[in-house]
Amino acid sequence: MTKQLLADLEWRGLISQTTDRDALTKDLESAPLTFYVGFDPTAPSLHIGNLAVICTMRRFQLAGHKPIPLVGGSTGLVGDPSGRNEERSLNDESVVVDWVNRIKKQLEQFLSFEGSNAAVMANNLDWTAPISALTFLRDIGKHFSVNQMLSKDSVSARLEGGGISYTEFSYQVLQALDYLELYKLHNCKLQMGGSDQWGNIVAGLDLIRKVESGSAHALTIPLITKSDGTKFGKTAGGSVWLDPEMTSPYAFFQFWIGADDADVEKLLKVFSFKSHEEIETLLVSLKENPGAREAHRALAREVTSLVHGAHNAQQSESAAKALFGQGDLSELDEATLQSALSQLPRTQIKKSDSIPTWVDLLCATGVVDSKSAARRIVKEGGAYLNNAKIAGEDFAPTVEDAFYGRFLVLRKGKRDLAAVELI
RNA sequence: GGCUGGUUGCCCGAGCGGCCAAUGGGAGCGGACUGUAAAUCCGCCGGCAACGCCUUCGAAGGUUCAAAUCCUUCACCAGCCA
């Protein structure tokens, strides 16, 4: 397995750039290699944009190498200019600390912290915070040429655009310092990241060469793109987060189920840990019997399990199966219905109160932003109660409509479901 | 510091005193087709107690029967000059 690691990545389309490929291959094949990937806390949760590189880390660990997931406790305070045409607004320190902890926890579930190649969690604040400004300028800054720093894509793009603050300009130095520290501390010899990180990673290699006369590697993976050119990982509701509070396992599962056919091959290769043969089989099915959606299902099942656990994946899948299409909700037993509905956006109303109109109910579940929007749905013929189209704006369900006297299933359009529970 | 141009709905971008909740495009949403896909076509796309009412066109004031449109001040952005 170790031997074919890079070949496997290549097959999966996961290699964008590397430093000396032969040297890297040799190091990977001769012994377990310690490598690191950094994640800056720019939000309270990682999102599926981060998942590709997380999966790649996992592949390396499965192949016997030792991962260091690094959370950017310090770099998160500064802000990476890469890929941005505007200065970031600085986040409050306490907020960043909170985010660091959350992200640490998320990263932990993807890697093994046991065994000979146990992962080691790192936080760059540990070595950055103690450095004084003067030490930083004399010991670290001295190794950087401003000319070179200016030529980095992330910086030059900003010079032509809205400009860049000294703070963000310094980002690459901090990241370079991280690589140097991990090189010294853990003999870390490979840094991976998204393709936009190439410049920052290379800055680290230079620093290692200058300070330690050492050599290390860089590997970047391509940005995941969609075939239609829109951004991967965004839905109407915004980003698809890994935190189940921010994106429910059900919504997460649905995200993969709803993937464009044209993207499924790429997604399977990037996110699935199945063998090449299994993936090929799924792709054949996709081509020959697209309506069955086997590849979509396998993808959704696997990635949801990876992120939210097998149980939640199972729940999401049966919820989808129960609620979608084939349709007679009344055939579901109470327990199945209840667990399916628990995955959906929902609202509760008291049995003693009279039941509001469909419009008000939908609004209460948060599926639409305003009553006008809900009314519009009704007018356009996209409003359903228990899978049956409803008549007019004034329509209000009755207690008799509720399954087992407690559940109403609202649907907006083809696939946007919500639940109402009478309590 | 001086001059000039700009700031419009989720984004881009028209409008330059009434016919403006504001043209057009994108995104998004609903419908038809299909497979919880794509493409295509049709429709919608500020809010509400809804044939009416309310709140929007950087901010605050002002002129007017009437302002996104005119005037004043302020803030920010861009270009030119110093």
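Lettering of chains follows the sequences in order, A, B, ..., and the numbering in each one begins at 1.
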A.B. asks: Whole angstrom is fine here: how far is it from CG in A/Leu417 over to C1' in B/C29?
C.D. replies: 16 Å
A.B. asks: C1' atom, B/A59 versus B/C76: distance in rounded Å?
C.D. replies: 11 Å
A.B. asks: Could you check which nucleotide pairs with B/A67 in any of the strands shown, counting Watson-Crick or G-U wobble with both distances under 3.5 Å?
C.D. replies: none
A.B. asks: Between A/Tyr384 (OH) and B/G30 (P), how many Å, whole number?
C.D. replies: 10 Å
A.B. asks: Paired with B/C20: which nucleotide, if any, by Watson-Crick or G-U wobble criteria at under 3.5 Å for both distances?
C.D. replies: none
A.B. asks: In whole angstrom, give me the gap between the P atoms of B/C48 and B/C10.
C.D. replies: 15 Å
A.B. asks: Starting from C1' on B/G30, measure out to CD on A/Glu380 and report it in whole angstrom.
C.D. replies: 4 Å
A.B. asks: So, using side-chain hydrogen bond (donor to acceptor under 3.5 Å, both in side chains) as the criterion, who are the partners of A/Lys412 when residues are at least two apart?
C.D. replies: A/Asp416
A.B. asks: In terms of ring plane angle, is the pair A/Trp241 and A/His47 parallel, tilted or perpendicular, where the classes change at 30° and 60°?
C.D. replies: perpendicular
A.B. asks: Measuring only the P atom in each nucleotide, how far is B/C74 from B/G24? A whole number of Å is fine.
C.D. replies: 38 Å
A.B. asks: Taking pairing as Watson-Crick or G-U wobble with both contacts under 3.5 Å, can you name the mate of B/G52, or confirm there isn't one?
C.D. replies: B/C48
A.B. asks: Any donor-acceptor pair under 3.5 Å linking the side chain of A/Asp401 with the backbone of A/Leu408?
C.D. replies: no
A.B. asks: For the pair made of NZ in A/Lys266 and C1' in B/A37, what is the distance, rounded to whole Å?
C.D. replies: 16 Å
A.B. asks: Tell me the partner of B/A59, counting only Watson-Crick (N1-N3 plus N6-O4 or O6-N4) or G-U wobble (N1-O2 and O6-N3) with both under 3.5 Å; none if nothing fits.
C.D. replies: B/U73
A.B. asks: Would you mind telling me which residue lines up with the more 5' stretch of RNA chain B, A/Gly413 or A/Gly258, judged by nearest nucleotide?
C.D. replies: A/Gly413
A.B. asks: Only one of A/Gln106, A/Lys105, A/Glu245 clears side-chain hydrogen bond (donor to acceptor under 3.5 Å, both in side chains) with A/Ser45; which?
C.D. replies: A/Gln106
A.B. asks: Sticking with atom C1', work out how far B/U8 lies from B/A68, rounded to a whole angstrom.
C.D. replies: 7 Å
A.B. asks: Among residues two or more places apart or on two chains, list those pairs meeting side chain to side chain donor-acceptor pair (under 3.5 Å) that have a residue in residues 295-308 of chain A.
C.D. replies: A/Asp261-A/His296, A/Ser272-A/Glu302, A/Arg301-A/Glu317
A.B. asks: Students often get this wrong, so: under 4.0 angstrom with heavy atoms, is A/Ile257 touching a base, only sugar-phosphate, or nothing?
C.D. replies: base
A.B. asks: Distance-only, no hydrogens or angles: does the A/Gln61 side chain make a donor-acceptor pair with backbone N or O of A/Ser112 under 3.5 Å?
C.D. replies: yes
A.B. asks: Looking at RNA chain B, which of residues 285-294 of chain A put a heavy atom within less than 4.0 Å of it?
C.D. replies: A/Pro290, A/Gly291, A/Arg293
A.B. asks: Closest nucleotide of RNA chain B for A/Glu317 versus for A/Gly381: which of these residues is on the 5' side?
C.D. replies: A/Gly381
A.B. asks: State which residues pass side-chain contact (heavy atoms from CB on, under 4.5 Å) with A/Ser94; sequence neighbours excluded, sorted by chain then number.
C.D. replies: A/Asp92
A.B. asks: Any luck finding a side-chain donor-acceptor pair between A/His276 and A/Asp8 under 3.5 Å?
C.D. replies: yes
A.B. asks: Please work out which of the three classes, parallel, tilted or perpendicular, describes the rings of A/Phe60 and A/His65, given edges at 30° and 60°.
C.D. replies: tilted
A.B. asks: Write down the distance between CG (A/Asp263) and P (B/G35), rounded to a whole number of angstrom.
C.D. replies: 21 Å
A.B. asks: Could you work out the separation of B/G9 and B/G2 based on their P atoms and round it to a whole Å?
C.D. replies: 30 Å
A.B. asks: Answer syn or anti for B/C44, where the cut-off is 90° from 0 on the glycosidic torsion.
C.D. replies: anti
A.B. asks: Just the rounded figure in Å: distance from P of B/U36 to CZ of A/Arg411.
C.D. replies: 11 Å
A.B. asks: Nearest whole Å is fine: how far is B/C29 C1' from A/Arg415 CZ?
C.D. replies: 11 Å
A.B. asks: Residues in side-chain hydrogen bond (donor to acceptor under 3.5 Å, both in side chains) with A/Asp243, at least two apart?
C.D. replies: none
A.B. asks: Enumerate all atom pairs, one protein N or O and one N or O from nucleotides 46-53 of chain B, separated by less than 3.5 Å.
C.D. replies:
unit_1 : atom_1 : unit_2   : atom_2 : d
B/G47  : OP1    : A/Ser370 : OG     : 2.8
B/G47  : OP2    : A/Arg376 : NH2    : 3.0
B/C48  : OP1    : A/Lys371 : N      : 3.0
B/C48  : OP2    : A/Ser372 : N      : 2.8
B/C48  : OP2    : A/Ser372 : OG     : 2.3
B/A49  : OP1    : A/Lys371 : NZ     : 3.2
B/A50  : N6     : A/Arg375 : NH1    : 2.4

A.B. asks: Hey, does A/Lys379 reach any base, or is it just sugar-phosphate, or nothing, if we go heavy atoms under 4.0 Å?
C.D. replies: nothing
A.B. asks: Measure from CD1 on A/Ile377 to P on B/C45 and round the result to the nearest Å.
C.D. replies: 12 Å
A.B. asks: Paired with B/C29: which nucleotide, if any, by Watson-Crick or G-U wobble criteria at under 3.5 Å for both distances?
C.D. replies: B/G43
A.B. asks: Is the backbone of A/Ala218 close enough, under 3.5 Å, to the side chain of A/Thr19 for a donor and an acceptor to pair up by distance?
C.D. replies: yes
A.B. asks: Between B/A32 and B/A39, how many Å separate the two C1' atoms, rounded to a whole number?
C.D. replies: 14 Å
A.B. asks: What integer number of Å spans the P atoms of B/C70 and B/G5?
C.D. replies: 12 Å
A.B. asks: Rounding to an integer number of angstrom, what distance separates B/G26 and B/C19 when you compare their P atoms?
C.D. replies: 27 Å
A.B. asks: Which is true for A/Asp260 with a 4.0 Å heavy-atom rule: it touches a base, it touches only sugar-phosphate, or it touches nothing?
C.D. replies: sugar-phosphate
A.B. asks: Strictly by Watson-Crick or wobble contacts shorter than 3.5 Å, is anything paired with B/C3, and which nucleotide is it?
C.D. replies: B/G79
A.B. asks: Tell me yes or no: between the side chains of A/Asp80 and A/Gln175, is some donor less than 3.5 Å from an acceptor?
C.D. replies: no
A.B. asks: If B/U36 has a Watson-Crick or G-U wobble mate with both distances under 3.5 Å, name it; if not, just say none.
C.D. replies: none
